[in-house]
Amino acid sequence: QVHLVESGGGLVQPGGSLTLSCAASGSIFSISAMDWYRQAPGKRRELVATITRGGSINYADSVKGRFIISRNNANTTVYLHMNSLKPEDTAVYYCHSVLKQTIDDPLYDYWGQGTQVTVSS
């Protein structure tokens with residue numbers, strides 16, 4: 001069983017900063033990618049940032065220059081450093097991972113439970 005546990009969400013004023021973390025635990029052979037998604041009320045879930053096993057990083061246009069995604073050396077913990085936050089960043093943020101539990105397994109998708117980020121004055 002694989003678990004993704006998110007933390008770091010909360011209330012922050014516009015222009016402020018917040019850092020989210022996501023730790024993967026359980027039976028894991030290898031992780032191909034770890035990502036952050038977000039979903040605001042009435043909106044589609046959207047990809048915010050991704051980092052691959054090889055270190056490739058991509059960001060949504062809406063967060064480029066403001067957010068930074070990073071990971072630990074084992075690629076089991078991913079962070080999202082959010083700066084210059086705007087009210088439109090308000091959403092539930094979800095950690096996502098694509099991984100193998102054993103060498104003979106195919107790749108599977110796993111999701112965290114989500115953490116609320118609210119940007120408001």
Side-chain angles (χ1 to χ4, degrees):
Q1 190 174 8
V2 175
H3 291 97
L4 301 179
V5 180
E6 298 143 317
S7 62
L11 175 65
V12 63
Q13 293 185 340
S17 299
L18 201 63
T19 298
L20 308 181
S21 64
C22 172
S25 63
S27 299
I28 300 172
F29 173 73
S30 64
I31 297 176
S32 294
M34 298 190 77
D35 318 289
W36 286 99
Y37 285 75
R38 68 185 182 187
Q39 187 167 23
K43 308 290 285 187
R44 299 187 188 93
R45 186 173 298 187
E46 63 174 345
L47 178 63
V48 176
T50 184
I51 183 166
T52 71
R53 183 174 61 182
S56 297
I57 294 173
N58 287 284
Y59 298 98
D61 289 340
S62 59
V63 306
K64 285 180 180 177
R66 299 190 298 121
F67 291 10
I68 299 172
I69 189 170
S70 64
R71 62 177 183 175
N72 67 347
N73 291 335
N75 199 25
T76 53
T77 302
V78 64
Y79 305 91
L80 187 67
H81 308 276
M82 304 183 293
N83 304 299
S84 302
L85 284 162
K86 305 174 181 179
E88 50 263 44
D89 294 319
T90 296
V92 177
Y93 284 71
Y94 296 92
C95 179
H96 171 260
S97 182
V98 179
L99 58 84
K100 281 187 173 185
Q101 293 193 67
T102 73
I103 191 171
D104 296 320
D105 285 334
L107 294 170
Y108 290 125
D109 291 312
Y110 294 91
W111 292 91
Q113 79 285 355
T115 185
Q116 177 70 48
V117 173
T118 302
V119 184
S120 176
S121 60

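The structure displayed is predicted, hence computed values, not measured ones.
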Give me the atom names and distance for the closest heavy-atom approach of [X] to [Y].
X	Y	result
Ala24	Ile31	CB-CD1, 4.4 Å
Met82	Val117	CE-CG2, 4.0 Å
Ala60	Leu47	CB-O, 3.4 Å
Pro106	Lys100	O-CG, 3.8 Å
Ala91	Ala40	CB-N, 3.8 Å
Leu85	Arg66	CA-NH1, 3.9 Å

Residue pairs passing the disulfide bond (SG atoms under 2.5 Å apart) test where at least one lies in [range], sequence neighbours excluded:
range	result
residues 13-116	Cys22-Cys95
residues 28-66	none
residues 43-78	none

Asp35 side chain near Tyr94 side chain, heavy-atom distance below 4.5 Å: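 No, every pair of side-chain atoms sits at 4.5 Å or beyond.
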
With heavy-atom distances below 4.5 Å as the criterion, would you say the side chains of Thr90 and Gln116 are in contact?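 Yes; the side chains approach each other to less than 4.5 Å.
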
Is [X] linked to [Y] within one hydrophobic cluster, defined over Ile, Leu, Val, Met, Phe, Trp and Tyr using a side-chain heavy-atom separation of less than 4.5 Å?
X	Y	answer
Val119	Leu11	no
Leu18	Val92	no
Tyr59	Val48	yes
Val2	Leu107	no
Tyr108	Leu4	yes

ring-ring contact (aromatic ring centres under 6.0 Å, His included) partners of residues 63-90, not counting sequence neighbours, each pair once: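 For residues 63-90, and leaving out neighbouring residues, there are no ring-ring contact (aromatic ring centres under 6.0 Å, His included) pairs at all.
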
Hey, which of Ile51, Leu20, Asn58, Val63 is the one that makes side chain to side chain contact (heavy atoms under 4.5 Å, CB included) with Ile69?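 With Ile69 as partner, Ile51, Leu20, Asn58, Val63 yield a single side chain to side chain contact (heavy atoms under 4.5 Å, CB included), made by Ile51.
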
Who pairs with Tyr37 by ring-ring contact (aromatic ring centres under 6.0 Å, His included), at least two apart in sequence or on another chain?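 Applying ring-ring contact (aromatic ring centres under 6.0 Å, His included) to Tyr37 gives His96, Trp111.
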
To the nearest 0.5 Å, how far apart are OG1 in Thr50 and CD1 in Ile57?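 With rounding to 0.5 Å, OG1 (Thr50) is 9.0 Å from CD1 (Ile57).
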
Quick one: do Asp89 and Lys86 make a salt bridge, cutoff under 4.0 Å?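 No, no charged N to carboxylate O under 4.0 Å.
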
Side chain to side chain contact (heavy atoms under 4.5 Å, CB included) partners of Thr102, counting only residues at least two apart: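 Result, side chain to side chain contact (heavy atoms under 4.5 Å, CB included) vs Thr102: Asp104, Asp105.
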
